[in-house]
> 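So that we are looking at the same thing, I have put the structure below in structure tokens.
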Amino acid sequence: MKPIVLLVDIHASQATVWTAITQIEDCHLRLPGVKKIEMLTDAAIALGTRWRETRVMFGKETTETLEIEAFNPPSEYTAVIKSCACEYRATLRLKPHV
């Protein structure tokens with residue numbers, strides 16, 4: 001299956017953006033669809049970090065467990081969701097503007 005790619009220009013330093021996207025417990029403050037975050041691991045974000053996320057999708061509230069399966073600071077991480085016999089991956093990749 002072909003991936004969906006979304007490119008966004010953010011006018012901030014890579015360090016600032018990395019900090020924002022790795023503060024998982026606060027993402028409900030920045031993403032309007034996310035209603036609640038419950039961290040399932042205690043340490044700082046790293047490979048294996050897990051959390052439960054409740055969000056509204058297509059008008060319905062759903063809760064899924066996500067896990068960091070690839071972690072390459074300060075430029076990229078991939079979170080995976082395994083639900084209803086499907087796997088979903090979201091990779092957040094930062095590239096400095098040249």
Side-chain angles (χ1 to χ4, degrees):
M1 179 178 272
K2 214 172 180 181
I4 297 170
V5 177
L6 173 65
L7 301 174
V8 178
D9 283 333
I10 300 172
H11 299 283
S13 71
Q14 184 169 340
T16 298
V17 176
W18 181 256
T19 298
I21 68 172
T22 56
Q23 290 177 334
I24 303 297
E25 64 279 2
D26 294 333
C27 77
H28 67 287
L29 302 172
R30 292 181 295 282
L31 299 172
V34 177
K35 300 302 177 195
K36 180 181 171 189
I37 297 292
E38 178 188 356
M39 297 304 295
L40 302 175
T41 51
D42 292 331
I45 186 173
L47 190 63
T49 295
R50 297 177 66 236
W51 68 97
R52 191 169 295 120
E53 181 177 294
T54 301
R55 65 170 55 219
V56 176
M57 291 180 57
F58 308 111
K60 292 186 175 185
E61 193 171 280
T62 183
T63 300
E64 302 293 346
T65 300
L66 293 86
E67 181 173 347
I68 300 293
E69 75 167 12
F71 190 67
N72 302 300
S75 59
E76 176 181 341
Y77 74 81
T78 300
V80 64
I81 301 169
K82 297 176 183 177
S83 176
C84 302
C86 294
E87 273 191 12
Y88 305 91
R89 282 184 173 71
T91 299
L92 285 78
R93 184 174 298 129
L94 305 178
K95 291 184 180 180
H97 242 287
V98 191

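One-based numbering along the sequence shown.
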> How close do Arg52 and Thr65 get, counting heavy atoms only, and between which atoms?
NE-OG1, 3.9 Å

> Could you report the tightest heavy-atom contact between Ile37 and Cys27, atom names first, then the distance?
CD1-SG, 3.5 Å

> Answer with yes or no whether the hydrophobic clustering places Leu29 together with Trp51; edges join I, L, V, M, F, W, Y residues whose side-chain heavy atoms lie under 4.5 Å apart.
no

> When clusters are formed by joining ILVMFWY residues with side-chain heavy atoms under 4.5 Å apart, either directly or through shared neighbours, do Leu92 and Leu31 land in the same one?
yes

> If you compare all heavy atoms of Gln14 against all heavy atoms of Pro96, which two are closest, and at what distance to 0.1 Å?
OE1-CG, 3.2 Å

> Should Ile4 and Met57 be regarded as members of a common hydrophobic cluster, given that ILVMFWY residues are connected when their side-chain heavy atoms come within less than 4.5 Å of each other, either directly or indirectly?
no

> Report all side-chain donor-acceptor pairs from residues 76-86 shorter than 3.5 Å, counting only partners two or more places apart or in another chain.
{"from": "Glu76", "atom 1": "OE1", "to": "Arg93", "atom 2": "NE", "distance (Å)": "3.2"}
{"from": "Glu76", "atom 1": "OE2", "to": "Arg93", "atom 2": "NH2", "distance (Å)": "3.3"}
{"from": "Tyr77", "atom 1": "OH", "to": "Ile21", "atom 2": "O", "distance (Å)": "2.7"}
{"from": "Thr78", "atom 1": "OG1", "to": "Thr91", "atom 2": "OG1", "distance (Å)": "2.8"}
{"from": "Ser83", "atom 1": "OG", "to": "Glu64", "atom 2": "OE1", "distance (Å)": "3.0"}
{"from": "Ser83", "atom 1": "OG", "to": "Glu64", "atom 2": "OE2", "distance (Å)": "3.2"}

> Would Met39 end up clustered with Phe71 when hydrophobic side chains under 4.5 Å apart are linked, directly or stepwise?
yes

> What pair of heavy atoms forms the shortest contact from Leu47 to Ala70, and how long is it?
CD1-N, 3.7 Å

> Might you point out which heavy atoms bring Ala44 and Thr49 nearest each other, and give the distance in Å?
O-OG1, 3.8 Å

> Just verifying a value: how many Å separate Glu69 CD and Arg89 CZ, rounded to the nearest 0.5 Å?
4.0 Å

> Treating Ile, Leu, Val, Met, Phe, Trp and Tyr as nodes and any side-chain heavy-atom pair under 4.5 angstrom as an edge, say whether Leu7 and Trp18 lie in one connected cluster.
no

> If you measure from CZ on Arg55 to OG1 on Thr63, what distance do you get to the nearest 0.5 Å?
11.0 Å

> Find the distance between OG1 (Thr54) and CD (Glu38) and round it off to the nearest 0.5 Å.
8.0 Å

